[in-house]
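One structure is given here, and the rest of the page talks about it.
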Amino acid sequence: MSKTFSIGGIHPHDNKISKDAAIENFPLVETAYISMSQHLGAPAEPIVAKGDKVKVGQLIAKASGFISANIHSSVSGTVRSVEMLPDLAGNPVQHVIIDVEGDEWIDTIDRSNDIVKDIKLGKEEIIKRIAECGVVGLGGAAFPTHIKLTPPPGKVADVLLINGSECEPYLTSDYRIMLENPEEILIGVRIMMKALGVSKAYVGIEENKPKAIKSMKGVADKGYTDIKIVPLKKRYPQGGEKQLIDAVTGRRVPSMGLPIDTGAVVQNVGTALAVYEAVQKNKPLFDGIVTVTGKCMTEQRNFRLRVGTTFDTMMFAIGGFPKDAVKLISGGPMMGKAVACMDAASVKSTSGLLLLTEEETKRGPERNCIRCAKCVEACPMGLQPYLLNRLARVNRMEELEENMVQDCIECGCCLYSCPANIPLLDTIRLSKAKVLKIMRGRPKK
Amino acid sequence: MSKLNLITKGLIKDNPIFVLVLGMCPTLATTTSAVNGLGMGIATTFVLIFSNVLISLVAKQVPDKVRIPVYIVLIAAVVTVLQLLMQAYTPGLYQTLGIFIPLIVVNCIVLGRAEAFASKNTVLDSALDGIGIGLGFTLSLTVLGAVRELLGTASIFGMKLIDGDGMLAFVLAPGAFMVLGYLMVLFNMYKSKFTDK
Amino acid sequence: MARESTLKNMVVVLMLICLASSALLGGAYVLTKEPIEAAQLAKINQSIAGVVPPFDNDPNGDSFTKEYNGANYKVYPAVKDGETVGYAVETFSNAGFGGRVSLMVGFSMDGTIINTVVLNHSETPGLGDKMVAGKSNFSLQFNGKNPDEFKLSVKKDGGDVDAITASTISSRAFCGAMTSAYEVFKLCVADKTEKEAVNE
Amino acid sequence: MKKLLVSPAPHIHGPQTTKSLMRDVIIALVPSLLVSIYFFGFSAIKLALVGVVTCVAVEYVIQRYLIKCTVTIGDYSAAVTGLLLALNLPPNSPWWLMLIGSIVAIGVAKLTFGGLGQNLFNPALVGRVFLLVSFPVLMTDWTIPASWFREGIDASSGATALSIVKEGLAQGLTLDQIFQNHNFSYMQMLFSKIGGSVGEVSALALIIGFAYLLYRRVITAHIPLSIIVTVALFTGIFWVVNPEHYTDPLFNILSGGILLGSIFMATDYVTSPMSKKGMVLYGVGIGIITVLIRYFGSYPEGISFAILIMNAFVPLINKYMKPAYFGKEVKNG
Amino acid sequence: MNTVLFTILSLSILGILLALILYFVAQKFKVEEDPRIDDVQAILPGANCGGCGFAGCRAFAESCVKAETLEKNFCPVGGNEVMKQVAQYLGMEMAEKTPQVAVVRCNGNCDNRPKTNNYDGFSSCAVMSSFYSGDTACKYGCLGHGDCVLACQFDAIKMDPRTGLPEVDESKCTACGACVKACPKMIIELRNKGIKNRRIFVSCVNKDKGGIAKKACAVACIGCTKCQKVCAYDAITITSNLAYIDYNKCKLCRKCVVECPTHAIWEVNFPVRVPKKETSPLVEQ
Amino acid sequence: MEYIIIIIAAVFVNNVLLSQFLGICPFLGVSNKISTAAGMSGAVVFVIALSTLVTYLLQYYVLIPLGIEFMQTVAFILVIAALVQMVEIILKKISPSLYQALGIFLPLITTNCCVLGLAIIVVSKEFAFGGDPHMLNLAEAVVYSTASAVGFGLAMVLFAGLREQLELNNVPRAFKGTPIALITASILALAFMGFAGLV
Amino acid sequence: MSKKDDTVEHEGIVIDVDQNFVSVEILRQSACSSCGAKGMCSAADSESGVIQVPANGFELYEKGERVKVVLKKSLGFKALWISYLIPLIILLILLLFLSTFKISEILIGLSIIGALAFYFLIIYFLKDRIKKEFVFTLEKLDK
Ligand SMILES: Cc1cc2nc3c(=O)[nH]c(=O)nc-3n(C[C@H](O)[C@H](O)[C@H](O)COP(=O)(O)O)c2cc1C
Ligand SMILES: Cc1cc2nc3c(=O)[nH]c(=O)nc-3n(C[C@H](O)[C@H](O)[C@H](O)COP(=O)(O)O)c2cc1C
Ligand SMILES: Cc1cc2nc3c(=O)[nH]c(=O)nc-3n(C[C@H](O)[C@H](O)[C@H](O)COP(=O)(O)O)c2cc1C
Ligand SMILES: Cc1cc2nc3c(=O)[nH]c(=O)nc-3n(C[C@H](O)[C@H](O)[C@H](O)CO)c2cc1C
Ligand code: SF4
Ligand code: SF4
Ligand code: SF4
Ligand code: SF4
Ligand code: FES
């Protein structure tokens with residue numbers, strides 16, 4: 001029996017139709033729009049100005065504040081301007097706009113294809129290098145990795161979990177790198193283990209990716225025996241970090257707690273690869289693997305894509321926006337964000353572009369809740385989404401708090417399974433924000 | 001307030017059952033038929049009138065703190081007199097209404113009118129108030145009883161309308177709650193139309 | 001509005017009110033005492049009259065109790081011209097659907113049931129209360145029957161009585177009460193014949 | 001340029017909708033309906049038809065003309081109510097009985113509370129119990145109407161197994177005698193040779209429906225199983241103590257509306273608890289009350305009442321039996 | 001006769017007992033609710049809307065009775081008149097307030113502000129604004145899902161189906177401010193009702209640079225400063241490309257209205273001008 | 001055994017609220033919070049137990065010997081009112097803080113039909129629980145009334161739960177408030193009829 | 001966390017402040033306030049609503065200020081037990097116990113009342129301990 005998490009979960013069709021498309025390099029763009037808010041936390045501060053010449057991999061913005069990350073240029077060329085441009089949700093964000101000229105990389109980057117196995121750097125140096133290279137989590141939230149690798153005082157990590165579950169339907173970027181770069185990933189894992197000072201690491205992979213499991217196992221058995229490959233049941237949200245920790249270690253992250261409260265640190269496989277490239281190859285994080293897929297598309301692709309490529313460009317490159325597609329999603333169908341503004345550009349954590357037709361995605365009309373408890377059954381956090389929704393609509397914030405609305409991981413299982421099409425997560429998400437505000441405003445005891 | 005108004009207000013504006021929602025126990029328990037409802041209504045009206053009169057007579061002399069006990073004593077006395085009279089002259093009805101006759105004492109309407117009206121008004125006005133509220137109560141009980149009787153036994157005031165039994169549930173407890181609930185809705189709808197104009 | 005409350009005036013006022021109302025009550029009691037008794041008597045007499053042949057005595061005054069099966073039953077003899085023409089037995093059963101069912105059953109001297117009146121019951125309106133004469137013909141089927149020939153139990157239990165539809169329980173209770181009444185009646189008759197035998 | 005569709009995540013939806021769930025319930029009821037048509041002929045069809053039509057019509061009329069809100073007959077829930085109510089009546093019921101039942105079920109128990117999902121009590125059962133209380137004679141008249149396919153039911157024709165037993169015991173017979181007099185066997189119950197309401201004649205057909213509902217993930221087995229197990233255990237205790245007087249568990253499960261009630265009525269989403277623990281408690285409660293009413297009450301059959309009574313407990317159950325939170329212990333504020 | 005005697009005796013004993021008990025009750029439970037609270041509550045409109053900052057009308061009444069001055073207490077629904085009554089009843093001074101009304105500062109109707117995408121989520125401005133900028137290119141403007149309408153207890157604000165924008169019914173609006181709090185885009189403002197209900201305000205909250213703003217919405221304020229220059233009373237300030245008219249300074253001269261090249265400034269309840277120029281969009285409607 | 005029958009009869013079969021219609025006003029009027037309903041029921045149970053104890057003695061050892069049964073109504077109501085007040089005073093006197101803590105379950109509706117009604121019922125009705133009909137003796141009377149009060153509490157708590165739920169539902173406007181409460185009570189009464197004949 | 005679940009809150013107004021106590025008058029928004037007949041019903045329903053809360057000196061309260069009085073709900077139920085339910089149990093146990101003997105009912109009744117009196121006497125002696133336990137706390141309401 002493969003492992004899995006203990007509460008809730010759903011079984012959407014995985015639709016991994018792009019899984020056989022090998023990773024290809026995305027062609028160079030003419031202009032790159034590099035966002036200064038590519039990570040969770042404070043935006044980075046640009047250190048280039050209009051007219052500056054930059055090379056690929058050159059630092060163009062510095063982390064500001066504790067939770068923030070460096071940003072490097074993904075192209076070479078001239079800075080056209082630094083200005084506010086809409087991000088994919090249409091909200092203004094500072095961008096550095098670079099007109100591309102050639103493809104000149106800074107020379108500290110090791111561009112060879114050799115696999116560097118030796119980990120020369122020490123613990124502190126590793127974390128420093130990761131921070132310098134602007135590595136952020138590629139599992140979705142784009143949390144700066146160096147912070148995760150430095151547990152807060154009083155907390156000790158004893159296990160590293162690598163998230164290769166890729167439980168989102170459609171996406172195959174993690175899958176492809178597990179097939180194509182297993183050894184690099186494992187070295188990345190080793191590096192993070194060293195940084196954390198832990199001796200155990202597990203890579204959790206969902207069973208619907210047997211080839212990836214085989215490929216990773218094959219390498220791990222040869223020389224990486226401290227890293228276990230753990231097959232996991234196919235069940236969404238297997239990749240949620242709390243669920244992953246539960247599935248692999250049986251520990252439960254307490255309410256309002258962080259993974260580190262259980263001694264676990266969770267990183268995505270893509271992050272591991274980025275860590276490898278940063279530490280062993282000195283390559284800052286300025287590109288990533290992006291799946292471009294959708295049933296309405298004739299061709300399914302996996303690209304290595306530089307940060308700052310606009311969605312328009314991408315659509316153009318794959319031959320234009322498919323006719324019957326109505327929705328473009330950055331990320332997977334369960335957690336991804338719908339793109340409102342095609343002029344926005346990709347960021348470090350962009351892992352997929354999904355095109356859906358109206359039939360696949362249009363929400364049905366909302367009906368009365370029939371109290372079927374399907375949402376309760378589906379919620380992996382043991383919440384009662386129907387109740388949270390009702391309470392949210394009548395603004396009963398205290399009761400929402402009592403019913404642990406803050407625990408919601410916004411996985412969308414409830415909304416997915418609700419037969420009455422109730423916008424459960426929409427209202428819950430909103431009330432989470434309101435409740436958080438109330439909790440913050442309360443004097444600390 | 002005009003004298004006529006005192007009498008009619010209990011019908012709609014201050015209807016003790018549909019508006020004030022008071023005295024629910026006898027309302028529900030004794031309305032198995034129109035006649036029973038009417039009987040209970042008249043009994044309560046009797047108490048209302050006399051207690052109102054007595055209380056308005058003595059109110060001025062009563063110190064504040066013993067106001068309530070004095071009222072209770074008076075009301076209880078009136079109720080007891082009523083009990084005795086009913087036993088003597090309408091033994092059948094007395095038996096049907098049973099425990100709900102003595103319970104008129106705690107019927108909030110009676111004490112409520114004593115407090116709110118009789119203690120502040122003249123004897124005549126209090127009597128009229130008692131009549132008015134009692135009328136509203138009686139009428140409501142009769143209507144409730146009639147509807148229940150009609151649905152429950154297919155008869156009205158004891159006269160069989162069609163051959164057959166009617167829907168028993170309406171004579172029993174569930175029917176009491178149900179009919180009152182729907183009548184209340186109808187009443188409110190009527191009332192809001194009435195006042196909107 | 002009202003007066004200042006002091007201990008003294010509170011006690012005094014309450015006292016006065018109590019005195020007044022108790023006087024009122026006492027008066028009312030005295031006044032209604034007789035009508036109430038009369039009403040109660042009338043009720044009994046009426047039911048007695050309904051179930052026995054015409055009489056010229058005061059059955060209530062002549063009533064006596066008989067013990068049967070551990071319970072006391074009140075029996076009202078009907079006497080006409082010095083001749084006992086029948087007995088009205090106040091009987092009951094506790095096996096009704098809503099508890100106790102009390103009946104007045106009248107027998108002529110040969111044991112024939114003349115009539116029955118339901119004195120008291122708490123059966124469900126529309127169901128068990130059909131035992132009351134006028135609401136259905138249930139109680140009429142006993143009239144003129146002699147329990148010696150007419151088996152006083154419902155047909156379901158092997159008797160001769162047509163039960164009220166969907167109210168077997170009430171019907172059984174009714175029959176039970178009838179049976180007790182008949183037994184009591186037999187005791188009375190036995191007593192009477194004994195007495196007469198002694199007298200003679 | 002094309003206008004994109006924008007919405008918060010998630011962007012895809014599962015296959016189940018209110019309509020599909022209700023449709024599945026109707027499909028699951030088809031075997032029982034067919035069996036009852038086989039046995040009761042036209043009158044089963046008539047009841048089902050009147051039930052469905054009036055329920056839907058009442059819902060339409062009230063929503064359209066009285067409440068003036070959106071009409072929701074399209075989600076089939078009224079049809080489910082009508083069908084279930086029809087399956088809950090004696091086969092020989094007149095059409096107007098069905099009509100009154102439907103009006104009470106939909107008008108009083110459902111729409112007064114705001115329609116689908118808002119009612120506190122199971123509409124079909126409110127309808128049935130209302131009829132049972134109002135028309136005790138008709139509702140306990142188990143005469144078998146003529147059927148096209150076969151002639152009446154054997155010797156035991158009419159009365160339900162439970163009422164036969166109750167009546168027999170009241171006459172002082174022992175169970176063995178009663179069983180012999182009436183030729184009971186479990187096979188008969190499975191294959192519907194026993195009198196009863198339209199839908200409960202064949203246990204097998206109901207079980208097929210149950211399997212279908214489970215397969216389609218419309219319901220989980222928690223509620224039906226906990227009811228059945230409780231009834232079995234509880235009656236088992238009585239049976240072991242006094243087999244002369246108390247029927248055995250299997251008889252109890254197969255007879256009366258236990259199967260129909262536990263599979264189709266107790267599982268009604270709207271009026272059953274939301275958490276698994278709560279569902280089990282709810283089922284146990286129904287089981288116990290059913291047996292109490294069967295053995296000691298004045299109704300031969302108790303599951304309708306038991307479900308309604310437990311419906312009243314559902315808010316309390318929901319309040320005090322929440323699903324376990326993932327992060328059990330609550331750390332730091 | 002015995003009976004009557006017993007009756008009198010027992011009732012009198014009971015009466016005395018009761019009197020004693022009640023006397024002690026009275027001693028112990030001296031505090032009674034101030035009857036004035038009821039009276040004040042009766043004066044209040046009874047909307048229980050919370051516009052006064054209290055939990056409901058009763059709480060407000062309590063607070064008025066207990067408070068030493070009425071400075072901090074104001075019922076926006078009842079307005080000055082009700083407060084005057086309350087003050088009079090309690091024998092206190094009241095702070096008179098200039099009557100206000102809610103004003104929607106966005107005119108981005110379907111014609112002026114084309115849609116750039118289609119929203120398909122829960123119909124709620126708060127939800128919509130929580131995850132993206134909206135279905136038009138103007139990220140400041142009204143989202144049109146009517147959170148403000150839901151918030152209003154007085155039915156004073158309605159969505160106009162033609163424009164997709166909320167519209168305030170002046171006669172019903174009590175200036176309770178519920179809609180102001182409800183709008184996630186902070187479009188609604190409470191402004192002085194003005195003399196004869198006349199008001200002039202900038203019906204736009206777009207802070208983008210002129211070009212971008214104009215592209216997103218035909219009637220956007222582009223921050224061109226023309227109005228500021230023409231205003232003789234210094235009532236207009238421009239911050240982040242957006243003009244704002246201070247209602248306390250504005251003398252309702254209407255010069256700015258004519259001046260605005262995008263018709264972003266609105267005048268309300270003025271008599272119709274002699275049509276020598278284009279009228280402002282509102283007057284047309 | 002007899003007590004068990006009495007209890008079942010009083011709590012379920014003849015539930016004071018749902019089949020005897022006593023105490024409907026607090027039932028309809030009291031807040032719809034489960035905890036308040038439970039708290040209030042607790043207090044009511046004690047008050048009822050105590051007052052039936054006293055009124056029972058009053059009836060059998062004062063009124064009947066003196067031949068003034070007709071004074072029942074007056075005597076009972078006064079005694080109950082006084083008793084309830086006394087309990088409160090005593091509590092307040094012996095421990096003000098305790099009294100205050102209780103205050104959160106306001107209000108104890110002191111003399112409603114339920115209290116007086118039960119006091120009258122237990123001294124005036126013949127009962128035949130499982131045996132011969134007889135007037136209840138003291139122990140049975142108090143057990144019966146206490147159990148009835150528990151039945152009252154049960155119905156109150158159930159109802160509070162149902163109402164908490166209703167508050168989250170969209171009941172049609174015309175039915176909001178008392179009407180829907182009545183109709184809910186109606187169905188609850190219908191359901192409780194299933195207990196009929198249980199004892 | 002989860003504050004509301006285990007506490008009961010009442011809004012009140014500070015009516016008096018002295019060195020040791022803050023007196024708060026509870027605003028009655030409980031059961032009765034919704035009832036149309038609040039003033040009229042209930043024979044002697046004259047409860048007071050003043051609660052004295054020990055002042056902790058950290059926060060200053062003014063007369064007329066609106067505050068929230070908070071008590072743990074479990075404490076409320078505890079109070080219920082002490083003042084109503086335990087006496088009830090005493091009453092019932094004594095009743096059932098005594099009636100198994102052949103004692104006159106009037107004696108039984110009187111001894112129960114005596115026992116209850118005794119019980120309350122004990123509570124009276126324990127009142128200081130109780131006082132320590134049933135502590136209300138005050139919270140300021142914003143504004
Ligand atoms: C519902 C849900 C599903 C997720 N699914 C995945 C997933 O499939 N793969 C993944 O790597 N991270 C997934 N994540 C993110 C992880 O929780 C976690 O943040 C991530 O693995 C941490 O690694 P990172 O910091 O390297 O991104 C998911 C998160 C949530 C809330
Ligand atoms: C304020 C804050 C502090 C955090 N501190 C830590 C930390 O000390 N250690 C850690 O491993 N993760 C830390 N996290 C990261 C979160 O646990 C989580 O991994 C991150 O939000 C990505 O989640 P996702 O990818 O599952 O969505 C922190 C997150 C936040 C918002
Ligand atoms: C509310 C209600 C009231 C009832 N009232 C009576 C009644 O008054 N008398 C009676 O014999 N049975 C009554 N019953 C019992 C049932 O009708 C019972 O099934 C019937 O007595 C036995 O059925 P049968 O008479 O058809 O054999 C009542 C049942 C209920 C639910
Ligand atoms: C599994 C399932 C069981 C149902 N059972 C019932 C039922 O017993 N009675 C009923 O009226 N409706 C039933 N319905 C239909 C629907 O839920 C019902 O009409 C709602 O209670 C009305 O709000 C059922 C629906 C489903 C999906
Ligand atoms: S989105 Fe939140 S509430 Fe919904 S299932 Fe996921 S964790 Fe539960
Ligand atoms: S899944 Fe939808 S319909 Fe079912 S209980 Fe949850 S919110 Fe209600
Ligand atoms: S429009 Fe706004 S301010 Fe005016 S009454 Fe409505 S909510 Fe209050
Ligand atoms: S004014 Fe604000 S709240 Fe009202 S519809 Fe527009 S965005 Fe929504
Ligand atoms: S009339 Fe019974 S409680 Fe009010």
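Predicted model only: the values in this text are computed from it and were never measured. In what follows, chains carry the letters A, B, and so on, assigned in the order in which the sequence lines appear, proteins first and then strands, with residues in each chain numbered from 1.
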Under 6.0 Å from the [atom1] atom of [X], do we count more than 12 heavy atoms belonging to anything else shown?
X: D:Arg23; atom1: CZ; result: yes
X: D:Lys276; atom1: NZ; result: yes
X: E:Lys207; atom1: NZ; result: no

Applying side-chain hydrogen bond (donor to acceptor under 3.5 Å, both in side chains) to D:Thr290 and not counting sequence neighbours gives none
CZ (E:Phe131) and OG (D:Ser7) are apart, to the nearest 0.5 Å, by 6.0 Å
So CG of D:Leu4 and CG of E:Asp135: to nearest 0.5 Å the spacing works out to 12.0 Å
Okay, E:Tyr119 and chain D: the region with an atom under 4.5 Å from a heavy atom over there is both
Problem set entry | E:Lys115 to D:Lys3 - nearest heavy-atom pair and separation |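 Here E:Lys115 and D:Lys3 meet closest at O-CE, 3.3 Å.
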message: Ignoring hydrogens, what is the shortest heavy-atom contact between D:Pro8 and E:Gly121? Give both atom names and the distance.
response: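 Heavy-atom minimum between the residues: CD-CA, 3.9 Å.
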